[in-house]
Structure formats: structure tokens, C-alpha cells
Trainee: 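I am attaching a structure below and will ask some questions about it afterwards.
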Amino acid sequence: MLWTAYVGTGEPPRGEDFVRAVKELAGRAGIDPDPIERARPRDRRTDLLQGFIELCRRELASDRGVPARDYLGGRGLPEQAIQRSGIGLVPKPDKTRHALKRIGYREAEIAAAGVVSDSRWPGRVCGAWMNEYRRPGTLWARSLDDSSGEGSRYLYLRGASRTNLPPYGFSDLLPGSGDLRRDLVLVEGIFDLHQLRAHGVQNVAAVGGVGIAPRTFELLSRLGVERVTLCLDRDQPGRDAINRAVEHSTRARRSPSVLVIDPDRLTPAKDPDEYVREGGIAAWDALAAARSCGITWRALELATDVTADSPPEMRREALARAGAWLGTVPPRLALEQEDAVAAVAERCGYSSAAVWRVFRARFWSSERDLRVSHSLEFR
């Protein structure tokens with residue numbers, strides 16, 4: 001049945017297309033697709049990164065790791081959570097070279113991997129950012145000095161892009177049942193993730209910044225995610241990032257449904273890390289229950305600072321902004337579009353019927369509007 005649903009009436013896929021199709025169907029069924037993948041030759045650089053991370057974890061557990069463990073404990077991470085997190089401590093370069101040479105890597109390989117090329121790395125806590133095959137794609141390192149500037153607080157491995165990687169921590173959700181990854185929370189910071197994991201929230205991953213590209217939503221959809229809840233920092237960059245992410249999800253060829261936790265709900269905390277540290281898991285559960293549709297959230301952002309009592313010209317300008325954007329929403333989001341129109345109409349003090357007529361006449365092409373109407377016929 002699954003195979004028929006996938007191939008429809010076309011020719012069955014072959015070769016790489018066959019592997020891709022079977023992996024996608026396995027993901028939908030909640031089956032770990034890794035065994036389906038053909039055997040891959042060993043990648044010595046990836047193996048070296050894995051060896052480096054294991055070295056860093058031993059360094060954190062040693063006597064030299066006491067300051068770093070105290071720092072992590074001060075951030076609300078108990079000892080067991082630190083051990084489960086995969087976090088390590090970057091040793092001095094000479095120790096790194098010696099340890100990696102002992103397990104068979106040449107000096108040229110160590111230099112090319114970049115693990116000793118940045119003098120700012122030693123003494124920082126670090127971790128591996130895994131790809132969808134649960135192998136290190138890149139590494140991050142964070143200063144123990146919270147007063148350091150935003151630009152130098154986090155460092156990433158040179159020459160190893162995060163562009164095509166799933167969000168940080170998502171690979172932990174790939175083994176076994178797909179239940180955990182069906183409803184995924186995306187946070188901004190790496191320590192947002194570790195704080196939530198320490199409090200028992202497992203279905204969370206981090207974007208490691210403020211950019212979520214369309215291909216990220218496509219990848220998550222392919223790997224079995226059905227809903228994504230965005231919970232980014234309570235500042236203007238975080239708010240702007242949510243707006244961009246919702247727009248990017250609409251441009252993706254396939255995307256999970258997108259929900260939003262309004263950053264203002266984190267008040268007085270700046271981010272999920274601080275919010276959960278101060279309020280605990282009960283506060284997080286209440287926050288997560290207050291999520292709303294991303295399409296409606298974005299449309300209301302375009303009508304912000306407007307109420308039904310605002311001057312008519314302000315309300316109509318807000319409607320124009322929301323209508324122009326809602327006209328770009330693809331037909332697969334027609335139901336979300338209809339809810340967003342109703343919400344914007346209510347905020348601006350107009351009836352939904354009147355706003356629909358204006359949007360159809362001014363912002364939406366007749367061909368696209370016809371497709372949307374057909375998608376709503378079953379209602």
C-alpha cells in the first residue's frame with residue numbers, strides 16, 4: 001500500500017531513486033532507514049572528528065574539566081544531563097595531536113580537519129553537529145566567559161558548513177520509532193536544546209542561529225517530521241527569524257506544518273534556556289500549549305500595532321500588507337490561509353467576507369484563487 005501511494009501510476013524508481021523512495025517510506029512508517037542505505041566507504045576525516053569529540057568528552061570528565069563542569073552546572077545542567085549531552089572540553093593542541101596520532105592519524109590529516117587550527121578553541125566546551133547518518137558534520141565550541149561578544153562566543157569548525165545538515169540534536173531522534181520527531185520543537189541556541197533535554201523534553205533541535213532555509217524544512221519533512229514549533233529568542237533578531245522561517249516554509253517544495261510560540265510569551269526570560277531554568281518543566285508545558293499557526297502568526301505580524309479602533313487608513317494599509325503576503329501562500333496551505341484571513345480581518349475590524357473579496361480582487365490572481373477554492377470544496 002505504501003509503495004502504491006508513493007509511485008502512483010508512474011514507472012517504479014530504480015537505482016538511487018529506489019533507495020531514496022524506500023528510505024522515505026520507511027521514515028513515514030517510523031522505521032529507522034539507516035540499514036537501507038548502501039554501505040559507504042569510511043571517511044577518515046569524519047572518523048577523525050569522532051575521535052576528537054571522544055577525546056574532548058574524556059577531557060571534560062577529567063580533573064582538568066572541573067571549571068567547565070562547574071560552568072555547565074551553573075547553567076542548570078545536572079551531572080547526568082552533562083554526561084548524556086555529548087558535550088566535551090577542547091584540550092590543548094599538543095594533547096590533541098598526540099592522542100589523534102596514537103590512533104593512526106597523520107599530522108597532515110589533523111591539520112586538514114581543522115581541530116587544532118584555531119587558537120581560541122582550547123578550554124571551550126564543545127560538541128558534534130551530526131548529519132542525518134548520525135556522523136559528525138561539523139563541530140561547535142563555546143566560551144566559558146558569558147561576557148564575551150556574540151561574534152566570538154560560539155565558534156564553528158572552519159571549512160565544515162552547516163548548510164546541508166539537519167538542526168543540531170535532530171540526529172538523536174532518528175533511531176527507533178518516529179514518534180519523537182513527528183512533532184519537533186526548533187529552538188535557536190545550542191544551550192536552549194541542552195536545557196530542555198535536561199528537563200526531559202526530547203523532541204527538540206536547535207538551528208544554532210537565526211537562519212532556517214527552505215531546504216531545512218524539506219529535509220525535516222523527508223525525515224518524518226509532521227509539525228515544527230518555532231521557539232526562538234525574545235529579541236528582534238529572533239522575531240525576524242520566525243517571520244523569515246515561516247515564509248521559507250511556504251517556499252519549500254514540502255514542509256511540515258509550522259507553529260509558533262510568540263517570543264513575548266518568554267517574558268521576562270530572553271530565551272528558552274533561561275525560561276526553563278527559572279520556571280521548570282511546568283512552565284514549558286504551558287508555553288508549548290500556547291503555540292499558534294505560523295501562517296496566522298506571520299499575517300498578524302504584518303498587521304501589528306493596528307486595532308479595530310485604528311484610523312481607517314492604517315487598518316487598510318495593514319490589510320494590504322497581509323493580503324499581499326497571503327497571496328503568495330501555496331494551495332497546500334489553503335486552510336491555514338483562510339484562518340489567517342479571519343484573524344487579520346478581526347484585528348482590523350472588518351468582516352472576513354469583506355476581506356476575502358478585497359484580497360481576491362486586489363492581491364490574488366484568478367487562476368490561483370480558483371485553485372484555493374477547489375482545495376476548500378470539501379468543507
Side-chain angles (χ1 to χ4, degrees), residues 44-107 109-130 134-158 160 168-169 171-172 189-202 204 206 208 271 273-274 276-278 280:
R44 282 184 63 82
R45 183 177 184 277
T46 301
D47 288 344
L48 186 152
L49 295 183
Q50 185 65 53
F52 175 72
I53 284 296
E54 291 170 2
L55 170 65
C56 293
R57 295 190 67 180
R58 291 195 298 271
E59 186 78 0
L60 180 64
S62 72
D63 291 343
R64 293 175 297 277
V66 170
R69 295 199 302 273
D70 288 344
Y71 167 78
L72 295 171
R75 295 197 61 137
L77 300 181
E79 183 178 350
Q80 288 186 341
I82 296 171
Q83 293 172 357
R84 293 193 304 266
S85 69
I87 294 174
L89 176 66
V90 182
K92 293 180 178 180
D94 288 346
K95 181 172 183 178
T96 296
R97 287 192 180 93
H98 178 71
L100 292 176
K101 285 179 179 179
R102 281 184 59 191
I103 56 177
Y105 294 101
R106 301 183 299 274
E107 179 67 37
E109 291 178 297
I110 298 169
V115 294
V116 294
S117 62
D118 193 329
S119 61
R120 298 171 296 174
W121 276 57
R124 290 173 176 247
V125 291
C126 67
W129 193 311
M130 303 291 192
R134 302 171 63 206
R135 302 277 286 159
T138 190
L139 308 175
W140 59 268
R142 192 198 191 282
S143 170
L144 303 186
D145 181 6
D146 285 339
S147 65
S148 59
E150 290 288 339
S152 60
R153 190 173 299 164
Y154 278 96
L155 302 175
Y156 294 92
L157 194 64
R158 293 174 181 173
Y168 175 73
S171 61
D172 299 335
I190 285 171
F191 275 88
D192 294 330
L193 175 143
H194 287 299
Q195 190 66 246
L196 285 166
R197 291 267 175 96
H199 280 80
V201 181
Q202 299 302 314
V204 60
D271 53 30
D273 175 10
E274 181 183 350
V276 175
R277 203 186 320 169
E278 297 297 327

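When a residue number appears, it is its place in the shown sequence, counting from 1. Note that these values count all heavy atoms, side chains included, but never hydrogens, waters or copies made by symmetry.
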Trainee: Using side-chain heavy atoms (C-beta onward) and a distance below 4.5 Å, is C126 in contact with L139?
Mentor: no
Trainee: Starting from the C-alpha separation in whole Å, work towards a yes-or-no answer on salt bridge (charged side-chain N to carboxylate O under 4.0 Å, His left out) for R120 and D118.
Mentor: CA-CA 5 Å; R120 298 171 296 174; D118 193 329; 2.9 Å; yes
Trainee: What closest approach, in Å, do R75 and Y71 show between heavy atoms, and which atom pair accounts for it?
Mentor: NH1-OH, 2.9 Å
Trainee: I would like to know whether R44 and D47 meet salt bridge (charged side-chain N to carboxylate O under 4.0 Å, His left out); could you show each step before the answer?
Mentor: CA-CA 5 Å; R44 282 184 63 82; D47 288 344; over 6 Å; no
Trainee: Work out which heavy atom in A206 is nearest to a heavy atom in G189; give both atom names and the distance.
Mentor: CB-O, 3.5 Å
Trainee: Is there a side-chain contact between R142 and I190 in this structure, where contact means two heavy atoms from C-beta onward sitting under 4.5 Å apart?
Mentor: no
Trainee: So, do F52 and C56 sit near enough that their side-chain heavy atoms are less than 4.5 Å apart?
Mentor: yes
Trainee: Would you say the side chain of Q50 lies within less than 4.5 Å of the side chain of M130, judging by non-hydrogen atoms?
Mentor: yes
Trainee: Are the side chain of R153 and the backbone of D145 linked by a donor-acceptor contact shorter than 3.5 Å?
Mentor: no
Trainee: Measure the spacing between CD of E79 and CZ of R84 and express it to the nearest 0.5 Å.
Mentor: 11.0 Å
Trainee: Just so I know, are the side chains of L60 and L72 near enough to count as touching, which here means a heavy-atom distance under 4.5 Å?
Mentor: yes
Trainee: Is there a donor-acceptor contact under 3.5 Å linking the side chains of W140 and Y168?
Mentor: yes
Trainee: Report the distance from atom CG of L77 to atom CD1 of I82, rounding to the nearest 0.5 Å.
Mentor: 5.5 Å
Trainee: Might you point out which heavy atoms bring P122 and K92 nearest each other, and give the distance in Å?
Mentor: CB-CA, 4.3 Å
Trainee: Can you tell me how far the CG atom of D172 sits from the CD atom of Q202, to the nearest 0.5 Å?
Mentor: 8.5 Å
Trainee: Is any side-chain heavy atom of Q195 less than 4.5 Å from a side-chain heavy atom of D271?
Mentor: no
Trainee: Working to the nearest 0.5 angstrom, can you tell me the gap between L89 CG and L144 CG?
Mentor: 7.0 Å
Trainee: Can you name the closest pair of heavy atoms from R57 and I87 and give their distance?
Mentor: CG-O, 3.8 Å
Trainee: What's the shortest heavy-atom distance between G169 and L193, and which atoms?
Mentor: CA-CD1, 4.0 Å
Trainee: Give the minimum heavy-atom separation between R97 and V116, together with the two atoms involved.
Mentor: NH2-CG2, 3.9 Å
Trainee: State, yes or no, whether a side-chain contact exists between R197 and V204 at a heavy-atom distance under 4.5 Å.
Mentor: yes
Trainee: L100 versus I103: any side-chain heavy-atom pair under 4.5 Å?
Mentor: yes
Trainee: Rounded to the nearest 0.5 Å, what's the gap from CZ on R45 to CG on L48? Could you check?
Mentor: 8.5 Å
Trainee: Measure the NZ-CD distance between K101 and E109 for me, rounded to the nearest 0.5 Å.
Mentor: 11.5 Å
